[in-house]
Amino acid sequence: MSFDTDTLYRLLPAIHRIRDEEREPPGALKALLSVIADQLQVMEENLDQLHDDLFIETCADWVIPYIGDLIGCEPLHPLGQARGLARAEVAHTIALRRRKGTAAVLEQLARDVTGWNARAVEFFQLLGTTQYMNHLRPGNHQAPDLRRWEPLARVGTAFDRVAHTVDVRRIENGSGRHNIPQVGLFLWRLGAYRHTQSPAVRLDDRRYLISPLGAPLQLFTQPRTEDEITHLADPVNVPDPILRRVMADRLALYAARFQTAPVAPDNPVIDNADPSLILYVDGTEVARDALAVCNLQDDGATWAHPGPADRYAIDPVLGRVAVGADLPVPASVALTYHHGFSADMGGGEYSRPRSADAGGTVVQQVPNVHATIAAALAALEELGGSGVVEITDSGRYEETLAIAVDPDARITLRAAKEAWPTLVPGGELLLSGAAGSAITLEGLRVAGERLRVPDIAGNELARLDIVHCTLVPGRALDAAGEPVAPMLESLTVEIANVAVTLDHAIVGALRLHEGATLSARDSIIDATATDHMALAATDHLSASGTVSLDACTLIGRMRATAVGTLSNSILLARAAAGDTLPAVHVLRRQTGCVRFSCLPFDSATPRRYRCQPDSADAQAQQTPRFTSLRYGHPAYGQLARATAEVIRRGADDESEMGAFHALFPAQREANLRIRLDEYLRVGLSAGIFYET
């Protein structure tokens, strides 16, 4: 039964309803029932939740350990924001125990405990041995078959099928692999992030770049769900980089939802509901039999191997598309594809937590209602100068923009759910506002120009929030994936009293007025090189305002007037040639707190608490190591496993320092090792390897 006001009101005898309507003022009894209905709805929701809490699939997070206790599933290290990972492990506990010790169970266990995709490999099956004649293994050859390309391409990976000589080193520390009692668990730390109908960048009539930034882009596999627990993961079941030859030989697994049926060309049958890549030409989805996979690397002024004349050629390694010579020149080319990254940061089609819009908020949509962002901003200005401009697709918008906000008002420029648009301003994106005004950018990627809060008459902008956005470090990327302007900043604030907030953002260097403040969390600030200036005043040398960093990675030098709180962060910086100041220099060192962070030992900061390195001699050993520091690389900003443990577990909650602190990678690995003690057969040993 629904406990809304009207339902309760209709249950009253008619005489009471008539008298309630005749009173002055009318509706007093109905208002009372409204209050009662609200409380009944709260009680109804509580009862529904109590019912949901009986089942592991629907229970609240706090109930998970109690259900686990009923079946003897001991809780593991808590993982902060990722604490819901325990749900899958508890749900599968009984099924896993029934098959304890098998490779399929170890693989499922690794996936449930870590939340990463996984594959288990029994290394004894890959040993090159003299076979017993009564137990022949026809598929186990001492020497690889050089006529089979795939086993050779997979050597050294989780899908290696070539025989190896015995390796007697211990697998637990990652040094040994191929031995009879050893099992390897390969983990994919990168996920596949979706782009839906993202327009390709046009080079000429027949050549296109898939990345909206016009840079090389390695495409990733959209993992297919495994139907049975006994099935071991194949390349199509994990977010692996797509190889040209693999995609060419198994096109039906990776590309397009259908192929043209000869008997009914106007009614294609979908045979791949969620492919890794779909090509759209002039708004129409291209069938699979019109695609070809080619190597489209540069060959002088053109591309090598442009593909068949009657097909669309795709290079999944470089992220390129070539239109066959016999095909008509398209007006537009777009693709749905997946790229690899470590976490929900910098914008994307992932779920972003967002507060509901206040009642009466004006929302102008692009391109559903307005064709351009500028037109939507103009319409917002006509309706009062406050509200939301929401971009509903993952398009590429090349416009010259300026945002001006009225007194005590806020303008939000954001991406809709499951959208990641790219803005390429024709000039500086100017941000201004009257007293008490605020601007929010959410879920966007901005390339080519900087954001600037100019020092002009009447500009008293109070707040600038950058949430789940990317301001491309180095402004843009060139054809080789290198930053176009590595020395230039992404954001300049020229006036005082502006509170700048970064939340799950990736930005280039910042130039802030000494009277402005910066508060950042779970973000990357990247000056493109450790000796470039990542944070300073607008003259590029003086100190910026007060800075607070929580779980951030800063690449480059920093100059600040003061520090509020600097915690769980990594400041990877080194002094430039001829620089007389330390790479990290704070003017006011009597206030503020620097704790559980990694920064150069000679940094001039407030007193440090449990920071690394803890001595000049330890500087070399305790400097963080990254898989990649180049924006655009799938493993950008990811700490390498070779990083010292004092950094990988050096945060205040024993997670890693830096922007990916909330992932708790070291705890995930430790949890898996704890569970392996329960599920691994006696006499076997297991090692953990990161495939990405």
Check for a donor-acceptor pair, side chain of [X] on one end and backbone N or O of [Y] on the other, with a separation under 3.5 Å.
X	Y	result
Asn459	Gly433	yes
Ser603	Pro600	yes
Asp522	Met345	no
Thr336	Gln197	yes
Ser628	Ala635	no
Ser211	Pro216	no
Ser523	Ala520	no
Ser544	Ala537	no
Thr623	Gln619	yes
Arg608	Thr605	no

Do [X] and [Y] come close enough that some side-chain heavy atom pair is under 4.5 Å?
X	Y	value
Thr470	Tyr631	yes
Arg352	Lys417	no
Thr114	Asn671	no
Trp116	Leu190	no
Pro425	Val446	yes
Leu471	Ile506	no
Thr553	Leu639	no
Tyr193	Pro239	no

Starting at [atom1] of [X], measure out to [atom2] of [Y] and round the result to the nearest 0.5 Å.
X	Y	atom1	atom2	result
Asp393	Gln365	CG	CD	10.5 Å
Leu451	Leu430	CG	CG	9.0 Å
Thr196	Leu335	OG1	CG	11.5 Å
Glu442	Ile466	CD	CD1	12.5 Å
Asp357	Thr412	CG	OG1	7.5 Å
Leu423	Glu399	CG	CD	7.0 Å

Q) What pairs with Phe626 under ring pair (Phe, Tyr, Trp, His ring centres under 6.0 Å), at least two apart in sequence or on another chain? A)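 In terms of ring pair (Phe, Tyr, Trp, His ring centres under 6.0 Å), with neighbours along the sequence ignored, Phe626 is linked to no residue.
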Within 6.0 Å of [atom1] in [X], more than 12 heavy atoms from elsewhere:
X	atom1	value
Arg354	CZ	yes
Asn497	CG	no
Glu514	CD	no
Arg588	CZ	no

**Q.** Test side chain to side chain donor-acceptor pair (under 3.5 Å) applied to His468 and Asp344, step by step
**A.** CA-CA 8 Å; His468 286 279; Asp344 297 350; over 6 Å; no
Q: Go through Thr530 and Arg574 one step at a time and tell me if the side chain to side chain donor-acceptor pair (under 3.5 Å) criterion holds.
A: CA-CA 6 Å; Thr530 56; Arg574 61 186 176 90; 2.9 Å; yes
Using a strict 4.0 Å threshold on nitrogen-to-oxygen distance, state whether [X] and [Y] make a salt bridge.
X	Y	answer
Glu494	Arg511	no
Glu656	Arg648	no
Arg194	Glu418	no
Glu428	Arg452	yes
Asp579	Arg559	yes

Of all the heavy-atom pairs spanning [X] and [Y], show the shortest one and how long it is.
X	Y	answer
Ala415	Gly443	CB-O, 3.2 Å
Ala583	Ala573	CB-CB, 3.7 Å
Gly632	Leu477	CA-CD1, 4.5 Å
Leu663	Arg668	O-NE, 2.7 Å
Pro613	Phe601	O-CD1, 3.4 Å
Leu672	Val113	N-CG1, 3.6 Å

Compute whether any side-chain donor of one residue and acceptor of the other, for [X] and [Y], lie under 3.5 angstrom apart.
X	Y	value
Tyr690	Gln638	no
Ser276	Gln222	no
Asp240	Thr221	no
Glu349	Ser394	yes
Ser490	Arg450	no

Q: Using the side chain to side chain contact (heavy atoms under 4.5 Å, CB included) rule, take Ile495 and Val498 through it: C-alpha gap first, then chi angles, then the decisive distance, then the call.
A: CA-CA 7 Å; Ile495 60 175; Val498 179; 3.5 Å; yes
Q.
If the test is side chain to side chain donor-acceptor pair (under 3.5 Å), which one of Arg463, Arg414, Arg410 qualifies with Thr440?
A.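 Single pass found, and it is Arg410.
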Q | Working for side chain to side chain contact (heavy atoms under 4.5 Å, CB included), residues Thr517 and Leu512 | A | CA-CA 8 Å; Thr517 62; Leu512 308 179; over 6 Å; no
Q.
Before you tell me yes or no, could you show the steps for Leu461 and Ile439 under side chain to side chain contact (heavy atoms under 4.5 Å, CB included), namely the whole-Å CA-CA distance, both residues' side-chain angles and the distance that decides it to 0.1 Å?
A. CA-CA 8 Å; Leu461 184 69; Ile439 295 175; 3.9 Å; yes
Q. Are the aromatic rings of His195 and His338 close, with centres under 6.0 Å apart?
A.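 No, the ring centres sit 6.0 Å or more apart.
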Q) Could you walk me through whether Val484 and Val472 pass the side chain to side chain contact (heavy atoms under 4.5 Å, CB included) check? A) CA-CA 10 Å; Val484 171; Val472 178; over 6 Å; no
Q) When you measure from the centre of the six-membered ring of Tyr609, is the NZ or CZ of Arg595 under 6.0 Å away and within 45° of the axis? A)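 No cation-pi geometry.
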Q: Only one of Asp465, Asp503, Asp550 passes salt bridge (charged side-chain N to carboxylate O under 4.0 Å, His left out) with Arg521; say which it is.
A: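 The passing option is Asp503.
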